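Before any comments, here is the structure.
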Number of protein chains: 2
Amino acid sequence: MSHHLDKLIHLFTSILPISSKEVALIHQLSQVQSLQKRAQYSAYGSICKKIGFVSEGIFKVVRTNAQGQDFIPYFITEGHFAVDLESFTQQTFSEENIVTLTPCTVVTIDKKHFDLFENEVANFSKIISHLKEKALLEKHRLKSEMLIDDAVTRYQKLRLRHPAIIQQVSQNHIAQYLGISPYTLSRIRAHS
Amino acid sequence: MSHHLDKLIHLFTSILPISSKEVALIHQLSQVQSLQKRAQYSAYGSICKKIGFVSEGIFKVVRTNAQGQDFIPYFITEGHFAVDLESFTQQTFSEENIVTLTPCTVVTIDKKHFDLFENEVANFSKIISHLKEKALLEKHRLKSEMLIDDAVTRYQKLRLRHPAIIQQVSQNHIAQYLGISPYTLSRIRAHS
DNA sequence: CTGATTTTTTGCTAAAGCGCAAACTTTTCC
DNA sequence: GGAAAAGTTTGCGCTTTAGCAAAAAATCAG
């Protein structure tokens, strides 16, 4: 059993227990993947048919506005899931690209297996529901902060909460996350 | 049985069925309230102990940033819930005010009764989980739009999706929602 | 109905940040 | 190790929008 799958199982069992039989099933129906830098994991325009638990590395999610400018609504770091949740759950066309920013290791589960787990793994639905609630609260907070905080404040909060992103991700990408030009971000960093 | 409670039950049963006995329990342990304009429903600094299904009217959620400026992360309209979800689920201090913008009718359920429903109403947890997932997807979309769309685009989307808000809410409030000054919003409206 | 209050509009000035260009630094890769 | 590519910094002019003030319009309340 891989160290990467262990991390995923640990995340699940930190919420509710899973039997060893169920763990074996999850192991059997998931695959550990290594991805190099700049690899596309999920594509704009496609229907998302897999979910990836990030064991190592950092991904970016990229969306393009009507004027053709790229933005990064969020980064996906270790211990989180690389997936377009809307496309995955509703099987609609994805409106975002998911791309690695560093070499990454992910535990990938196909949607058909994921759906199977909902039936075969006793606590799976509750675990997923718990994770979704956590995601909802975080998304809620980040949306509010997007409105009430200026770019400097949001940069400082990002630095406090996710130093790994500041260290490993280029300024260009962080600017795309903050919604400012890389020039402005360079000046913000110079004056703090 | 009030017409307002009917709306709430209808929302629930559109997701999964509820027995008439369970409906009676919900009826017994909830209260219909009328609120006049500018009434505070949930307060900054308190612990949220109730959730309100909005049957009529519009609420604003208000957050204040470090510089003391007020913003409106979202409006709550008919068919949605007036609640600080983070404070309600985690019983932490609320960081937002929830205030009526019009006369409102809400079906209020105390947290202790809400928690009781999770045990006593067979499908309640699944229904709430379904609603939270919907909320997550919407929050996700709105957060992305906050980043990728400029104020003009976000105003146009708000007008398309929620004409009732445009009609009934003052421009000042809409400006606080968009994150721009009321002067700029006035000029945006003039040129479209 | 009418005066008072609130909301919206508009002109003006100042500040913030964008976008371009060019220099400089760091990283990548053969 | 060194050339090429990628990323970062900085100056400068320009656009956008905030913020103030005051007028105009709409709404509210007795």
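In what follows, every chain begins at residue 1, and chains take the letters A, B, ... in the order their sequences are listed. Keep in mind it's a predicted model, so treat the numbers as computed, not measured.
- A sub-4.0 Å separation between OP1 or OP2 of dA18(D) and a side-chain N or O of Q69(B) is absent.
- Scored by the side chain to side chain contact (heavy atoms under 4.5 Å, CB included) test, K143(A) finds K139(B), L142(B), K143(B), M146(B) as partners (sequence neighbours excluded).
- Per the geometry, CD belonging to Q176(A) stands 11 Å off P belonging to dG7(D), to the nearest Å.
- The CG-C1' distance, from L101(B) to dT7(C), rounds to 14 Å in whole Å.
- Between dA18(D) and T184(B), a contact under 4.0 Å exists linking OP1 or OP2 to a side-chain N or O.
- In this structure, N65(B) atom CG and dA18(D) atom P are separated by 14 Å, rounded to whole Å.
- Taking only side-chain atoms of R38(B), from C-beta outward, the nucleotide of dG7(D), dT7(C), dG19(C) with the closest atom is dT7(C).
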Below 3.5 Å, can you tabulate the donor-acceptor pairs from side chains in residues 32-44 of chain A to any protein atom, sequence neighbours excluded?
{"from": "Q33(A)", "atom 1": "OE1", "to": "T108(A)", "atom 2": "OG1", "distance (Å)": "2.6"}
{"from": "Q40(A)", "atom 1": "NE2", "to": "N97(A)", "atom 2": "OD1", "distance (Å)": "3.0"}
{"from": "Y41(A)", "atom 1": "OH", "to": "T108(A)", "atom 2": "OG1", "distance (Å)": "2.7"}

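- Taking the six-membered ring for Trp and the full ring otherwise, the centers of Y177(A) and F71(A) sit at least 6.0 Å from each other.
- A close approach under 4.0 Å does occur between a side-chain nitrogen or oxygen of Q171(B) and OP1 or OP2 of dT9(C).
- Side-chain proximity of Y183(A) to the nucleotides dA21(C), dG7(D), dT8(C) is greatest for dA21(C).
- Comparing dA18(D), dG7(D), dG11(D) by their nearest atom to the side chain of R187(A) picks out dG11(D).
- To the nearest angstrom, C1' of dT7(C) lies 16 Å from CD1 of I166(B).
- Computed from coordinates, the D150(B) CG to dA18(D) P distance equals 12 Å when rounded to whole Å.
- The residue R189(B) sits apart from the nucleic acid: no heavy atom pair falls under 4.0 Å.
- F81(A) and F12(A) have parallel rings, their planes meeting at less than 30° on a 0 to 90° scale where 60° marks the start of perpendicular.
- Straight-line distance from the CG atom of N172(B) to the P atom of dA26(D): 17 Å, rounded to whole Å.
- Among the heavy atoms of the strands, none lies under 4.0 Å from L185(B).
- Between the CD1 atom of I174(B) and the C1' atom of dT7(C) there is a distance of 12 Å, given to the nearest Å.
- A close approach under 4.0 Å does occur between a side-chain nitrogen or oxygen of S186(B) and OP1 or OP2 of dT9(C).
- Taking atom CZ of residue F71(B) and atom C1' of nucleotide dA18(D), one finds them 12 Å apart after rounding to whole Å.
- Salt bridge absent: R141(A) and E96(B) never bring a charged side-chain N and a carboxylate O closer than 4.0 Å.
- In this structure, of dC12(C), dT28(C), dT10(D), it is dT28(C) that holds the atom nearest to the side chain of K37(A).
- Mapping A190(B) and I180(A) onto DNA chain C by nearest heavy atom places A190(B) at the nucleotide closer to the 5' end.
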